[in-house]
Amino acid sequence: MKVILRKKRGYVIILGNCDWKVDFEVENKHREEGGIVMYRILRKETLNDVVELMEIHAPYVARKCEPGQFIILRVGEDGERIPLTIADYSREKETITIIYQIVGYSTRELAKLNEGDELTDFVGPLGAPTVLHQSKHVVGVAGGVGSAPLYPQLRALAQMGVDVDVIIGGREAQYVLWADEFRKFCKNVYITTDDGSLGDKGFVTTKLSQLIEQGEDIDEVIAIGPVPMMKAVVGVTKPLNIKTSVSLNPIMIDGTGMCGCCRVSVDGKIKFACVDGPDFDGLQVDFDELMARQRMFKEEEHQVSENANRMCNLMGGAQNA
Amino acid sequence: MPNMSLEKVKMPEQDPQVRNKNFDEVSLGYTPEQAMEEATRCLNCRKPFCMQGCPVGVPIPEFIQHVAHGEFEEAYETITRENALPAICGRVCPQENQCEGQCIRGKRKGAESVGIGRLERFVADYHREHGTKKLLNIEKNGKKVAVVGSGPAGITCAGELAKKGYDVTVFEALHKTGGVLSYGIPEFRLPKSLVQQEVDGVAELGVDFETNVVVGRSITIDELQEQGYEAIFVGSGAGLPRFQGIPGENLNGVYAANEFLTRVNLMKGYEFPNHPTPVKITDTVCVIGAGNVAMDAARTAKRLGAKNVYIVYRRGAEEVPARAEEVHHAKEEGIIFKLLTNPVKIEGENGWVKSMECVEMELGEPDESGRRRPVVKEGSNFTIETGTVIVSIGQSPNPLIRQTTPGLDTQRWGGIIVDEETMKTSKDGVYAGGDVVTGAATVILAMGAGKKAAQAIDNALKNK
């Protein structure tokens, strides 16, 4: 009798000539024998007090992904769909590296997981790959976790023979991410911090303006980070008409071109970040609208965290009683 | 002697003022006695017009005769010969335009057709509660077929092919199967447990479901062919929502109906904050459009606590495209219809919707769709104070597959072009059906397409 083991919605189905049953014992044995379990966390690192890295086994995504694309993951059967840009990938190991900042309830749930644990869902690659232009000189600008999506883009450009510089900004030294990784292929790595604890004191735009004033010939700027930072970068490049690419992170649900939640205005037209982006021509993006849209559920984010704390206290109280 | 009552046996329903505050199913279904009584209204016509109205060809008089005789399991077997998802069709088909629209009993003025949809639903529900599972002995033929999307078109096609012995794998982009039946149609109209059971029924036939695979991104149609899938059926559904292109559509508080319904149905936003995906509405909600999706959005908003919910539609009552029962239920639940009204501008304050400016319309000459064209009444502008606007004016097909599949011909508006008899596309071995071909349509039409494609795939592969 032919027996096929498959993992479906968390259980294994044994198929033999079409009669089937769910067998949790087989599932557990399958795991113990080292059978394939989807979306396992193979590596977890803490990068600073709010940012962590995970490397996840995700064959479908790892086989196909290109710089600029993102994934959506879920933690738990009721979890939110969380979009995150792909920071790195390995075709051989079939893994994807993600970097995330712990900002609310769902990222805190993600951060509770450890090496060896599994994610409930992990889908991708989503979004259109970055269109990499063969040019002479590109300056990347990263703010906070923006280093993650910027990294594969700049690396690919460097491999194409483009001169690549990067400006990495953070509030203080610990929030400047991946400077050493960028040094491997960037000609110059400039660092700015708000408090001057690392590199120059100031903003990424201060450094960018300086480079331009020094007469550097820049073909393209790629800016990825918080929306106010990308807006400020465009504030510098737009008057000089320097080509500027940005990667947008509006609120998203399905991420596959169905719900329409992630719409942004680019050159006055509605675009959907999940299928038309996430990369857009920064000179045409309506950043103020995007910032307003990102605040749509601010109150609710707070509410869900409070609710979780309260449930947690209730459970704790019950156990103590 | 048939039962000559002019009206259908009433189906028990939750009270409108109770149900507009909960997400439990609105209609409660017939009892066996009620079903048998309704079934005796069928004349068992020699030439059953009802069957001509059914896109999947259910032997309607035959199953109804079984119901009349109390042979509910036989009735179930009769239906499922042609329709794999009776519990769903009984609930969401627009019967008044299909089987019931053709029924001879409804032709006389003031008379109602036989309640075919209600009977179908009864039979499916009865089987779910009392029926026994039959182990099908399917002989596998070793041929692999891939199905893209687990909505009504996909699961129908997959089920039909599995019964014929094919090894079928269904690829679903979301984390949950069911497509629009899961993310779109609300719990109170189509319980999700029921959708899951129907999908599980298809899995029992040996169909493999892979969730979290976006065909066009995670894997392409060409790569599926390289992996040995001898035929591929694309049922990826309607895609991105359309907007009117009026000012203010990107203000906070404006949802596409797809987003609003996905937050509530798929992500269980109505149980926020116990489920973490939020959905936010205000006392007044305006829904633009009057299709089934618009009715679902309006009734969902009411259940989430909105006091005044408006359906704003630019044509008249005659042209409302939603199923008659949904319109009736919506009105009972207190949804206010503003017909012959078209929004022209959404006004905001600090980035949030504050009001919507509309114009009144009147009906002119028929347009290309055969419906009378709405024309603006000059100077009729007025404003509705509202904090939420839900746009429900249709979708355009998802672009991912057409962008990544060379050799697949599509319409200018993005729909995949098929041969209507076989659902075959311009690309060898690739078939398509459902909303990705027709644009947003009905569950049953998608199922009909899935069934046709399964037959054509079998014809093409069985002698290969």
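As the structure is a computational prediction, the values presented were derived from the model and not from experiment. Note on naming: letters A, B, ... go to the chains in the order of the sequence lines (proteins, then strands), and numbering restarts at 1 for each one. The figures here come from the full heavy-atom set of this structure, side chains too, leaving out hydrogens, waters and symmetry mates.
- The aromatic rings of Phe171(B) and Tyr60(A) sit perpendicular to each other, their planes meeting at more than 60°, with 30° as the lower class boundary.
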- Run the numbers on Arg217(B) and Val123(A) for side-chain contact (heavy atoms from CB on, under 4.5 Å), then give the verdict. CA-CA 10 Å; Arg217(B) 291 274 196 238; Val123(A) 59; over 6 Å; no
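- When each of Lys269(A), Arg81(A), Arg295(A) is scored by its heavy-atom pairs under 4.5 Å with chain B, the top score falls to Arg81(A).
- Among Pro278(B), Gly237(B), Gly216(B), Gly351(B), the residue making the largest number of heavy-atom pairs under 4.5 Å with chain A is Pro278(B).
- For a residue to count as touching a neighbouring chain, one of its non-hydrogen atoms must lie under 4.5 Å from one of that chain's; by this rule Val254(B) touches chain A with backbone and side chain alike.
- For chain A, no part of Glu139(B) is nearby; none of its heavy atoms comes within less than 4.5 Å.
- The shortest non-hydrogen separation linking Arg263(B) to Cys261(A) is NH2-SG, 3.8 Å.
- Atom NZ of Lys192(B) is surrounded by more than 12 heavy atoms from other residues, nucleotides or ligands within 6.0 Å.
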### Task
Go through the steps for Met258(A) and Thr262(B) under the test side-chain contact (heavy atoms from CB on, under 4.5 Å), then give the verdict.
CA-CA 9 Å; Met258(A) 184 273 283; Thr262(B) 301; 3.5 Å; yes
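- Nearest heavy atom pair, residue Val279(B) against residue Phe297(A), reads CA-CE2, 4.1 Å.
- Chain A forms the most heavy-atom pairs under 4.5 Å with one residue out of Leu251(B), Leu261(B), Val213(B), and that residue is Val213(B).
- Looking at Ser218(B), its side chain never comes within 3.5 Å of a backbone N or O of Val61(A) through a donor-acceptor pair.
- Between chain A and the residues Glu271(B), Lys176(B), Glu210(B), the largest count of heavy-atom pairs under 4.5 Å involves Glu210(B).
- Using a 4.5 Å heavy-atom threshold, the side chains of Thr220(B) and Lys64(A) count as touching.
- For the set Gly104(A), Gly260(A), Gly257(A), the count of heavy-atom pairs under 4.5 angstrom toward chain B peaks at Gly257(A).
- Atoms CE and CZ, on Met267(B) and Arg74(A) in that order, are 5.5 Å from each other to the nearest 0.5 Å.
- Both the backbone and the side chain of Glu80(A) come within less than 4.5 Å of a heavy atom in chain B.
- Among the candidates Cys274(A), Cys65(A), Gly255(A), Ala128(A), the residue making the largest number of heavy-atom pairs closer than 4.5 Å to chain B is Ala128(A).
- Looking only at distances, a side-chain donor or acceptor of Lys280(B) sits under 3.5 Å from a matching main-chain atom of Met296(A).
- Of all the listed residues (Gly124(A), Pro129(A), Gly76(A)), the one sharing the greatest number of non-hydrogen pairs under 4.5 Å with chain B is Gly124(A).
- With a 4.5 angstrom heavy-atom cutoff, Phe272(B) touches chain A only via side-chain atoms.
- Of the atoms belonging to Ile72(A), not a single heavy atom falls under 4.5 Å from chain B.
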Problem - Intermediate values then yes/no, side-chain contact (heavy atoms from CB on, under 4.5 Å), Asn212(B) and Tyr39(A) - result: CA-CA 11 Å; Asn212(B) 296 327; Tyr39(A) 322 135; 3.3 Å; yes
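- Put simply, OG1 on Thr277(B) and CD1 on Ile253(A) are 7.5 Å apart, with the number rounded to the nearest 0.5 Å.
- No side-chain heavy atom of Thr120(A) sits less than 4.5 Å from a side-chain heavy atom of His175(B).
- The backbone N or O of Asn250(B) lies less than 3.5 Å from no partner atom in the side chain of Arg263(A), so there is not a single donor-acceptor pair.
- Taking chain A as the reference chain and counting heavy-atom pairs below 4.5 Å, the highest number among Ala256(B), Gly253(B), Ala257(B), Gly239(B) is found for Gly239(B).
- Looking at Glu109(A), neither its backbone nor its side chain comes within 4.5 Å of chain B, counting heavy atoms on both sides.
- The contact between Leu174(B) and chain A is made by backbone and side chain atoms together, counting heavy-atom distances below 4.5 Å.
- Pairing each heavy atom of Phe272(A) with each of Pro241(B), the nearest pair is CZ-O, 3.9 Å.
- Side chain of Asn398(B) to backbone of Thr256(A): a donor-acceptor contact under 3.5 angstrom is found.
- Contact of Leu73(A) with chain B is not made at all, since no heavy-atom distance falls under 4.5 Å.
- In terms of modelled atom types and a separation under 3.5 Å, the side chain of Asn252(B) and the main chain of Ala292(A) share a donor-acceptor contact.
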